[in-house]
2 protein chains.
Amino acid sequence: MNVRMDAPIIRRSLHDELVERLQRLIIEGELTPGEKVPEKELCERFNVSRTPMREALKVLANAGLVTLTPNRGASVTAVTVDDLQEVFPVMGALEALSGELACEKITGQELAQVRALHEEMVGHYKAQRLPEYFKTNEAIHLAILNAARNDTLAAQHQMLSARVRRARYLANMTRERWDKAVAEHEDILAALEARDGPKLGKILEKHLKNKLETVSEWLKANG
Amino acid sequence: MNVRMDAPIIRRSLHDELVERLQRLIIEGELTPGEKVPEKELCERFNVSRTPMREALKVLANAGLVTLTPNRGASVTAVTVDDLQEVFPVMGALEALSGELACEKITGQELAQVRALHEEMVGHYKAQRLPEYFKTNEAIHLAILNAARNDTLAAQHQMLSARVRRARYLANMTRERWDKAVAEHEDILAALEARDGPKLGKILEKHLKNKLETVSEWLKANG
DNA sequence: ATACTTAATTTTGCATTCAAAATTATGTCA
DNA sequence: TGACATAATTTTGAATGCAAAATTAAGTAT
């Protein structure tokens, strides 16, 4: 991908780092669905032995990003409509909860941060910079999640988010969808500023539902 | 524990089997929260080398059941009172979703099964048989979860459930709490039979909130 | 004794090795 | 040539080996 991604790994436990890097490779599509994961190549690329690499693959398998077939190694799990229809509702419930909790607990500073991210995102939208839009969008949802101050919730969310993010990278949005998504984000910000937890929860849940529709449509047409 | 649990492992990949067995050790309380996981002993016990054992621990760590401290190995994730305040809301959200989905998808047969379990549970309640009551109670929630037909949801729920299980069943209920819990279960059954998803969702969420209160009170007094 | 070093032991993280399974290559015969 | 059998190679799953870190034990000085 680039120099930073391939840089030799130094800090903390290797498998942990590998989980993160592999996740990125999968989410961002360098490893494509159905493809066999080239264990050996990746080991060489990241300059690690097979042990931590395999540990990481087990974790990713548990998270549903990779499928392990006995005696036949790992392959990137295909994104199917069925799979998404499972994950999105669960994510919706988690995001709704994160919104509710965030409204109770968010600090003024954090709120300002979200507002800033929102403005930034709208800027990307107006300039039609999709990758930057995605990134900022993600940052907003993450900021809300963190504001909820619930590590358990964050952990659960993190586990599932990879599958969702992957789907999002896959599918491009139509213009109308994008307009709608931004409009929803205006509502999200408003509810957060009004600290209306139930409302924010509902909006976020709906937001996810719409996202599922977008992606499903795309998959039906292309995938 | 017993012969079956300690029997040498044969079929499928070791780490997969180990994930399951370790999970059971944790759920059944043989490995208690906060306790350091004796990697070496467990390897000897299950007659496997450290490699698959460590792979399994990584997976469990990712799921939050154990905590990995760098260079210091694994310990069963401790559940403090504060943690319960974290976990229960998440469980509540997941249960609410399971209720909503179950209302859409439950079959007549499954519904009859739930009804039967409910009657059985009420019997235990009337006879004040607490352990049996708990067991049947759990079976009901599990039946609803399965009726939701969402493996992702079930997996997430199971992880959290494993973590709080001890706390849940450790705490004794006061008479009033118990009365209330049974009353709520009547509502649960009614909503399910009426296939009123949103209502069932709300009841289940409330039900979890009350359970958290029960447990918190008990912990404050006793634990 | 008690606190503080420092040495012995254990535990941990990762690399390497080894056997079994799967895949690919090679050879045989119709 | 092409279908099949068999041998060579690669890949996979798991055990073992090894260095670094952490824990425990044993001294030492106050």
Side-chain angles (χ1 to χ4, degrees), chain A residues 5-23 25-26 30-78, chain B residues 5-23 25-26 30-78:
Chain A
M5 285 280 293
D6 291 349
I9 293 167
I10 308 150
R11 56 171 182 130
R12 68 168 166 169
S13 77
L14 288 182
H15 99 271
D16 218 23
E17 181 79 37
L18 284 172
V19 166
E20 217 169 87
R21 297 222 188 178
L22 292 177
Q23 213 169 34
L25 290 184
I26 293 171
E30 185 167 338
L31 293 172
T32 59
E35 188 186 346
K36 223 182 58 182
V37 178
E39 188 179 297
K40 212 176 137 206
E41 273 172 46
L42 288 172
C43 285
E44 283 162 18
R45 172 168 173 179
F46 291 126
N47 203 38
V48 298
S49 80
R50 285 177 59 218
T51 306
M53 178 63 69
R54 297 177 99 267
E55 287 171 351
L57 288 174
K58 302 277 193 287
V59 171
L60 291 178
N62 192 244
L65 283 178
V66 144
T67 306
L68 294 175
T69 317
N71 292 321
R72 205 166 300 172
S75 55
V76 180
T77 306
Chain B
M5 285 279 294
D6 290 350
I9 292 166
I10 309 150
R11 53 166 185 135
R12 67 167 168 171
S13 77
L14 288 181
H15 99 271
D16 216 23
E17 182 79 36
L18 283 172
V19 166
E20 215 170 88
R21 296 224 188 178
L22 291 177
Q23 210 169 24
L25 289 183
I26 294 171
E30 187 168 335
L31 293 172
T32 60
E35 190 185 343
K36 222 182 58 184
V37 177
E39 187 180 297
K40 214 176 136 206
E41 275 172 44
L42 288 173
C43 286
E44 282 162 18
R45 173 167 173 180
F46 291 126
N47 203 38
V48 298
S49 79
R50 285 177 58 221
T51 304
M53 179 63 70
R54 294 176 99 274
E55 288 172 350
L57 288 173
K58 301 281 193 290
V59 171
L60 292 177
N62 190 245
L65 273 177
V66 307
T67 305
L68 252 38
T69 318
N71 292 321
R72 205 167 299 176
S75 55
V76 180
T77 303

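A, B, ... follow the sequence lines: proteins, then strands. Residue 1 opens every chain. Computed over heavy atoms, backbone and side chain alike; hydrogens, waters and symmetry mates excluded.
Between B:Glu55 atom CD and C:dA15 atom P the separation is 14 Å, expressed in whole Å. Counting to the nearest Å, the C1' atom of D:dA15 and the CZ atom of A:Arg54 are 12 Å from each other. The distance between atom CD of A:Glu41 and atom C1' of D:dT10, rounded to the nearest whole Å, is 13 Å. In this entry the distance linking CZ of A:Phe46 with P of C:dA15 reads 14 Å, nearest Å. At whole-Å resolution of the value, CE in A:Met53 and P in D:dT11 are 14 Å apart. The separation between B:Leu68 atom CG and C:dT11 atom P is 16 Å, rounded to whole Å. When the P atom of D:dA20 is taken as reference, atom CG of B:Asn71 falls 12 Å away, rounded to whole Å. Rounding to whole angstrom units, CD of residue A:Glu44 and P of C:dA15 are separated by 13 Å.
Of the inter-residue distances, the one linking B:Leu65 atom CG with B:Leu31 atom CG reads 10.5 Å to the nearest 0.5 angstrom. Note that the NZ atom of B:Lys36 and the OG1 atom of B:Thr69 stand 10.5 Å from one another [nearest 0.5 Å]. For the atom pair CD1 of B:Ile26 and CD of B:Glu30, the computed distance is 11.0 Å after rounding to the nearest 0.5 Å. The OG1 atom of B:Thr51 lies 11.0 Å from the CG atom of B:Leu18; values are rounded to the nearest 0.5 Å.
Residue B:Arg50 places none of its side-chain N or O atoms closer than 4.0 Å to OP1 or OP2 of D:dA15. Within the 4.0 Å cut-off from OP1 or OP2 of D:dT11, at least one side-chain nitrogen or oxygen of A:Lys40 is found.
You'll find that the side chain of B:Glu39 is closest to C:dT12, out of C:dT12, C:dA15, C:dT11. With C:dG13, D:dA14, C:dA22 as the candidates, the nucleotide lying closest to the side chain of B:Leu14 is D:dA14. Nearest to the side-chain atoms of B:Val48 among the listed nucleotides D:dA15, C:dA15, C:dA22 stands D:dA15.
Each of A:Pro38 and B:Ser49 was matched to the nucleotide of DNA chain D holding its nearest heavy atom; the match closer to the 5' end belongs to A:Pro38.
Side-chain N/O atoms of B:Thr67 and B:Ser75 include no donor and acceptor closer than 3.5 Å.
Contact of A:Thr51 with C:dA15 (side chain to base): a donor-acceptor pair of N or O atoms is detected under 3.5 Å.
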